[in-house]
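Read the structure below first, then the notes.
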Amino acid sequence: MGASLVTIDNVDMRYGGADGTLAVSGLNMVVERGEFAAVVGPSGCGKSTLMKLVTGLHIPQQGLVTVAGIHVTKPVSIVGMAFQNPTMLPWRTTLDNVLLPLEIVERHRRRLRKHKKEYVEKAEHLLETVGLKGFGSKYPWQLSGGMQQRANLCRALIHEPELLMLDEPFGALDAFTREELWQVIRDLHASQDVTIVLVTHDLREAVFLADNVHVMSARPGKILKVHKIGFARPRDLSVMYEAEFNDVVQGLRGEIADARAVA
Amino acid sequence: MGASLVTIDNVDMRYGGADGTLAVSGLNMVVERGEFAAVVGPSGCGKSTLMKLVTGLHIPQQGLVTVAGIHVTKPVSIVGMAFQNPTMLPWRTTLDNVLLPLEIVERHRRRLRKHKKEYVEKAEHLLETVGLKGFGSKYPWQLSGGMQQRANLCRALIHEPELLMLDEPFGALDAFTREELWQVIRDLHASQDVTIVLVTHDLREAVFLADNVHVMSARPGKILKVHKIGFARPRDLSVMYEAEFNDVVQGLRGEIADARAVA
Amino acid sequence: LGQNTPVRFTLDWRIEGPAAGFMLAQANGHFADEGLDVTFDVGAGSVEVIPRVATGTYDMGFGDINSLIKFLDEDPDQPIKAIMMIYETPTFAVVGRRSLGVTEDPASLEGKTLGAPPPDGAFAQWPAFVEASGIDTSDITIESIGFPVREPMLAQGDVDAVFGFAFSVILNLKAQGIEDEDIVPILMADHGLDLYGNAIMVNTDFAEANPEVVKGMLRALAKGFADAVADPRQGAEAVVAANEILDVNIELERLQMANEMNINTAYVQENGMGGVDMDRLNSAIEQLKLSIGIQSDISAADVFDASYLPPMEERMLP
Amino acid sequence: MSASNTTPAPTALPVTPAKKFDWLPLMPWIYTIGLFLIWELGVRLSGVSHTIMPAPSRIFEAIIQYWGAIQRHSIQTLYTTSVGFLMAVVGGLALGLLIGWSRMIYAGLYPLMVGFNAIPKVAVVPILVIWFGIGTVPAILTAFLIAFFPIVVNVATGLATIEPETEDVLRALGAKKMDIMLKVGIPRSMPYFFGSLKIAITLAFVGSVISETVAANSGLGYMMSAAQSQFNVPLVWAGLIMLAVEGIAMYALMAWIEKRTTGWAHRSQTMAG
Amino acid sequence: MSASNTTPAPTALPVTPAKKFDWLPLMPWIYTIGLFLIWELGVRLSGVSHTIMPAPSRIFEAIIQYWGAIQRHSIQTLYTTSVGFLMAVVGGLALGLLIGWSRMIYAGLYPLMVGFNAIPKVAVVPILVIWFGIGTVPAILTAFLIAFFPIVVNVATGLATIEPETEDVLRALGAKKMDIMLKVGIPRSMPYFFGSLKIAITLAFVGSVISETVAANSGLGYMMSAAQSQFNVPLVWAGLIMLAVEGIAMYALMAWIEKRTTGWAHRSQTMAG
Ligand SMILES: Nc1ncnc2c1ncn2[C@@H]1O[C@H](COP(=O)(O)OP(=O)(O)OP(=O)(O)O)[C@@H](O)[C@H]1O
Ligand SMILES: Nc1ncnc2c1ncn2[C@@H]1O[C@H](COP(=O)(O)OP(=O)(O)OP(=O)(O)O)[C@@H](O)[C@H]1O
Ligand SMILES: [Mg+2]
Ligand SMILES: [Mg+2]
């Protein structure tokens with residue numbers, strides 16, 4: 001096993017009892033420590049389910065999920081997760097929502113009271129990075145959809161988790177904001193010892209950011225193929241204008257088309 | 001005025017009292033009857049606000065919104081709206097959620113009791129069109145994010161409204177599902193006498209579908225420019241591989257980059 | 001039988017031993033003989049009866065005449081009058097425990113703590129009793145305690161004596177396990193307080209419209225109470241038949257005490273039950289001016305109407 | 001590189017936890033029996049007189065001894081309570097919706113209702129008796145009067161806390177306020193409504209018993225006050241136990257309906273888990 | 001083609017509706033005065049005696065006449081009620097959280113509590129009096145015992161209906177159940193909690209008055225039962241009115257706290273609009 005941080009071994013996950021929806025079946029996946037993995041696949045194929053399996057929010061009926069070598073039987077505490085729906089707590093301001101993980105995660109909560117100011121500054125800096133400067137005092141329901149999504153991303157990052165699970169974190173953003181955030185995530189991955197799993201529908205996003213792109217089949221989802229993305233890091237946005245980049249993207253496109261057809 | 005279905009005239013909209021967020025300012029827009037208008041702009045610029053102004057969910061503090069020649073002072077009943085967040089009612093199955101507009105809109109509610117079966121068939125057909133066959137009996141919280149968004153779209157279409165307002169209806173979908181739905185919407189627009197306003201972050205989507213693409217500035221939002229898209233209808237997906245198509249998209253890209261910079 | 005005139009009658013309390021007269025009038029067919037179909041509803045105290053009858057919700061009732069005097073003093077226009085006295089002597093009493101230093105002498109109450117339910121009829125007479133017996137109230141403490149805790153608190157020694165009707169307090173104290181010898185009733189009537197007790201009352205509008213019905217009622221009731229005096233055990237059984245959770249022997253004891261102390265008194269033996277001495281009633285009103293603050297110049301005739309009573313020989317108790 | 005190219009993970013144990021015995025349905029019994037045991041012991045050890053607080057064994061004796069009367073009175077109370085409760089459900093729902101409907105009605109009526117409900121209903125019973133005589137009617141009305149308020153409050157709170165996003169779905173269709181009430185307001189406030197039913201049913205019992213105490217020839221309230229004036233304390237407690245049993249039975253019914261109706265709202269795994 | 005290329009729309013009237021008079025703050029007064037007027041008229045026209053149902057004018061006379069006593073007793077009742085209510089808030093919240101905490105406790109304790117609350121508290125007061133003597137303590141305890149249950153039910157309902165999506169946010173961080181309770185459970189159930197406070201405060205008043213009726217030398221319950229036995233019906237009603245006024249005052253306080261605390265939940269425009 002060595003350095004693999006996440007392993008999913010032959011997992012079946014069915015929602016709602018014996019005759020419920022079989023979301024994923026025979027799912028296998030390995031993410032090495034420090035890797036940037038992207039997961040792509042058709043809508044409803046089980047990507048979010050995969051994310052929740054890894055974080056331990058769901059426990060599979062069959063098969064084994066391990067994170068950092070430990071069999072996942074309850075939520076694991078080393079992850080930061082950005083959910084697909086930005087589920088901000090409506091009774092907290094955006095800033096307080098972003099600070100939430102610090103109140104929970106053992107390592108930070110002890111320091112929080114004393115170093116409150118420092119942490120608030122950090123959160124405000126993070127909000128600024130995603131273009132939400134000055135919105136910390138607003139409630140989440142006073143933000144636009146894309147702004148909520150960005151706050152959601154901040155919440156996943158604030159406590160500097162070892163494993164970052166991002167479920168379509170840029171879906172509601174315009175192309176430019178999105179590209180800016182790609183760079184933020186890229187730099188984060190480069191500068192820190194963090195493992196990232198990213199679910200996305202944007203193949204260019206997947207190829208630009210990831211080391212490996214996992215292609216999922218239609219429901220019940222399993223990994224059909226894993227593409228190793230070879231572009232040298234650090235990658236610049238200009239890499240996307242290279243012909244090779246487009247070839248990889250087109251290759252993936254074709255595969256997803258097949259995946260959909262198969263199902 | 002002639003055939004313009006929607007006019008927005010010099011509208012200011014501020015949320016939450018005098019010192020709240022000014023979302024749009026000096027907003028002007030005209031949508032002709034039967035037109036397909038797309039609205040693009042940076043995240044948080046006021047696109048959703050614009051949509052809610054047109055449907056009468058918000059009443060502007062300043063300026064005038066008219067729909068079908070009537071000054072909008074309360075929600076108008078001729079629209080179908082797909083909200084950015086698919087706010088499905090959790091106590092209704094997906095099918096019942098889709099049928100909801102029929103229980104409200106005058107024209108249908110009278111017929112509903114008698115022609116229930118016919119309407120249910122129609123809803124099921126619609127669900128099938130968006131790839132949700134067999135999910136009608138599930139509750140919305142049993143669907144994936146993308147599936148909810150597709151159900152949300154069905155709900156906006158079911159009562160065949162004159163004016164269709166779509167707020168990022170395809171954001172959570174993979175490229176293929178998305179392209180399929182583009183074609184669905186395109187055909188709908190071609191075959192019926194419907195006016196469509198589409199908010200999107202996907203410029204290719206905007207150019208492929210729309211007659212006019214309205215580019216909004218950063219917050220407080222106003223329309224910076226309106227692009228007339230000249231491609232002949234009916235448009236095929238292959239139009240996207242034409243050089244001219246890419247030129248238009250790149251042009252728009254540049255403009256949005258400017259719009260962001262200006263703000 | 002279906003032709004019988006319906007009469008709605010409200011009792012003062014639940015059906016217990018002292019109500020044997022009503023039950024026997026029913027059980028022995030005295031009402032039926034008068035062509036009456038009487039329904040008895042239980043009451044929530046001998047005061048509550050008065051508004052029930054005054055408003056016409058009930059045609060007749062069994063309630064406290066002292067409260068009726070107060071009621072008519074407040075509003076003389078109310079259509080209600082007493083027409084037949086049942087408790088010729090009320091057993092208003094202060095009941096204490098010998099072990100707590102209370103004796104038959106009212107003066108032994110000085111310095112003691114007395115428990116008093118505010119709605120209690122005996123407590124209402126306290127000022128008149130103080131006046132009549134001449135005790136010094138300066139270091140008497142009066143604690144307001146409800147009926148459900150009256151006897152338990154006395155049994156526990158939280159208070160030294162309580163106000164109430166002698167027979168009910170005595171029996172309840174026995175039920176609490178207090179020895180007979182330890183129970184000391186100080187009857188107010190024995191110390192200068194000369195009042196009447198519960199009487200049959202009628203809604204005067206009803207009486208004017210149905211004088212014969214009212215007369216028939218009183219005849220039947222006189223027979224019923226005579227039956228209860230003659231055969232208390234039958235009376236107790238009739239009561240238990242109506243209220244099956246009771247114990248016949250206890251109700252018998254209760255009935256006998258009521259007969260002895262309230263109903264079949266010396267005066268009644270002589271003059272028959274049901275009537276009043278109007279002078280005595282007037283002097284009672286004088287005493288009430290002190291105790292419950294009668295203000296107007298209400299007189300016995302405003303309260304009691306003897307015209308519906310059967311002749312005296314039909315009212316004699318065995 | 002294909003997905004099958006995984007390093008062999010620790011042997012894939014199927015996660016089938018040994019089926020544990022399900023204690024849950026037994027819990028009500030365990031708690032109840034536990035309570036009775038502690039009670040029995042407490043009474044025996046402290047030597048409290050049974051005229052103050054009888055031991056459960058003594059109460060059960062009384063239940064057996066007076067079973068005929070207890071049964072009859074229990075059924076009467078169950079009947080008046082159920083009718084009053086049903087009226088409270090209908091009336092409370094209607095009034096709650098009315099209050100939720102208009103801010104003017106809310107502002108005007110709410111304080112009055114709060115004021116009315118701060119008044120002990122026992123003060124109202126004599127008036128009811130004057131209007132309706134004693135017996136079933138005042139008991140039903142008292143049950144109704146005491147039970148409707150929690151329903152009103154919770155339905156009104158449910159309506160007031162609807163998420164505007166959900167409302168907008170209907171508003172955008174040009175829905176009338178009535179439609180929004182019916183399609184969103186009522187379903188959304190159902191969890192609140194069912195919460196309130198649990199409060200209301202217990203209060204309905206209290207109401208009918210209070211009324212029976214003051215004005216009735218039957219019912220547990222009547223029986224208990226009759227027993228009380230006899231200082232038959234074990235019988236009083238037998239009545240109280242019967243009341244509790246009836247209350248629990250009605251609660252179980254409510255809980256069952258709630259489960260079937262508002263399953264969509266009860267999806268939390270952590271809470272009550 | 002630029003955006004300014006719009007066909008001239010109908011003259012752009014600024015939408016500034018003529019500022020209408022705000023009736024809202026007046027509504028409670030209008031309703032209250034209306035009620036009193038109807039009451040007064042009803043009594044006068046029907047000619048009901050003031051010993052049965054006094055007219056408001058008569059009640060106000062009594063309030064003025066006995067103001068000294070009324071004031072003293074009102075303060076006593078307000079005091080016992082407030083203390084009992086505060087205990088109920090703390091206890092109810094704690095018990096509600098406990099019940100929300102574990103399905104086992106829920107299953108075991110809930111039915112018992114329902115059973116206990118179906119018992120009229122007036123049956124419990126004598127026991128309290130025997131244990132604690134008469135006066136303030138049993139009044140406070142009765143207020144507490146009667147008022148805590150709605151709080152428990154609503155807090156537990158609030159916890160049970162948390163959206164799992166919200167919970168997952170914390171669960172994904174490896175939060176302990178306690179954390180979820182504190183960070184999601186409690187805030188999420190606050191709207192329910194405040195709803196229940198409105199019910200609880202009225203019940204607390206009922207509780208302390210009942211206890212004062214049975215065993216106290218002061219308080220509105222004592223005053224009313226003393227007045228009742230004197231046929232001073234206007235004074236009884238004066239006591240009831242004072243109770244209502246105190247209830248409304250406490251309600252206003254609750255509503256104010258609610259508004260400040262759970263504004264996030266009260267965003268609906270349609271409802272109560
Ligand atoms: N309910 C609200 N209360 C207060 N402010 C709001 C509210 N809704 C939106 N806003 C503010 O109005 C501005 C415009 O929001 P809007 O939702 O229209 O943006 P948008 O263009 O749809 O953005 P996105 O692409 O992210 O969905 C934002 O700054 C937002 O903070
Ligand atoms: N809570 C649930 N209860 C029952 N079924 C569920 C639940 N959540 C998801 N599913 C089902 O599981 C399948 C996979 O869902 P999942 O959310 O993992 O898809 P996804 O790949 O994330 O899709 P998308 O791209 O649309 O977000 C879907 O068919 C969905 O209906
Ligand atoms: Mg998903
Ligand atoms: Mg938006």
Side-chain angles (χ1 to χ4, degrees), chain A residues 15-16 20-21 23 40-49 83-86 130-132 134-135 138-139 141-150 167-168 170-181 199-204 216 218-219 221 249 252-253 256-261 263, chain B residues 15-16 20-21 23 40-49 83-86 130-132 134-135 138-139 141-150 167-168 170-181 199-204 216 218-219 221 249 252-253 256-261 263:
Chain A
Y15 283 101
T21 315
V40 298
S43 171
C45 73
K47 300 180 295 297
S48 299
T49 306
F83 289 87
Q84 187 170 5
N85 293 319
V130 302
L132 288 180
F135 282 92
K138 298 263 181 231
Y139 284 92
W141 33 271
Q142 294 177 318
L143 302 184
S144 79
M147 291 158 89
Q148 285 180 33
Q149 208 174 31
R150 285 179 270 163
D167 197 348
E168 299 188 35
F170 312 120
L173 302 177
D174 62 292
F176 291 93
T177 313
R178 194 181 289 210
E179 283 172 12
E180 273 176 24
L181 293 182
V199 168
T200 182
H201 286 305
D202 187 337
L203 299 180
R204 294 168 69 246
M216 277 182 88
R219 187 177 57 86
V249 171
L252 273 172
R253 241 184 98 85
I256 295 179
D258 293 350
R260 270 168 53 90
Chain B
Y15 284 100
T21 316
V40 299
S43 172
C45 73
K47 300 181 295 299
S48 300
T49 305
F83 288 88
Q84 187 169 7
N85 293 320
V130 301
L132 289 180
F135 281 93
K138 299 262 181 231
Y139 284 93
W141 32 272
Q142 295 177 318
L143 303 184
S144 79
M147 291 158 87
Q148 286 180 31
Q149 208 173 32
R150 285 179 271 161
D167 197 349
E168 298 188 37
F170 312 120
L173 301 176
D174 62 291
F176 291 93
T177 312
R178 195 181 289 210
E179 282 171 13
E180 273 175 25
L181 292 182
V199 167
T200 182
H201 286 306
D202 186 336
L203 299 181
R204 293 169 69 246
M216 276 183 87
R219 186 174 57 85
V249 170
L252 274 172
R253 241 184 99 83
I256 297 180
D258 293 348
R260 272 167 53 88

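The chains referred to below are lettered A, B, ... by the order of the sequence lines, with proteins before strands, and numbering in each begins at 1.
- Side-chain atoms of D174(B) come within 3.5 Å of backbone N or O of S43(A) as a donor-acceptor pair.
- For a residue to count as touching a neighbouring chain, one of its non-hydrogen atoms must lie under 4.5 Å from one of that chain's; by this rule R253(B) touches chain A with backbone and side chain alike.
- Heavy atoms of Y15(A) lying under 4.5 Å from chain B are absent altogether.
- Side-chain N or O atoms of E168(A) include none that pairs as donor or acceptor with a backbone N or O of L173(B) at under 3.5 Å.
- Put simply, the side chain of H201(A) gets close to the backbone of A172(B): a donor and an acceptor are under 3.5 Å apart.
- For K47(B), no part lies under 4.5 angstrom from a heavy atom of chain A.
- Interface residue S144(A): only side-chain heavy atoms are found under 4.5 Å from chain B.
- The two residues Q148(A) and W141(A) come nearest to each other via the heavy atoms NE2-CA, 4.4 Å.
- Taking chain A as the reference chain and counting heavy-atom pairs below 4.5 Å, the highest number among P42(B), G131(B), G171(B), G46(B) is found for P42(B).
- Of the inter-residue distances, the one linking F170(B) atom CZ with D202(B) atom CG reads 10.0 Å to the nearest 0.5 angstrom.
- Ranked by heavy-atom pairs shorter than 4.5 Å toward chain A, the options R150(B), Q142(B), R178(B) are led by R150(B).
- Proximity to chain A (any heavy atom under 4.5 Å) is shown, for S48(B), by neither the backbone nor the side chain.
- By number of non-hydrogen pairs under 4.5 angstrom with chain B, the leading residue of T177(A), N85(A), T49(A) is T177(A).
- Within the model, atoms CG of L203(A) and CD1 of I256(A) stand 4.5 Å from one another, a figure rounded to the nearest 0.5 Å.
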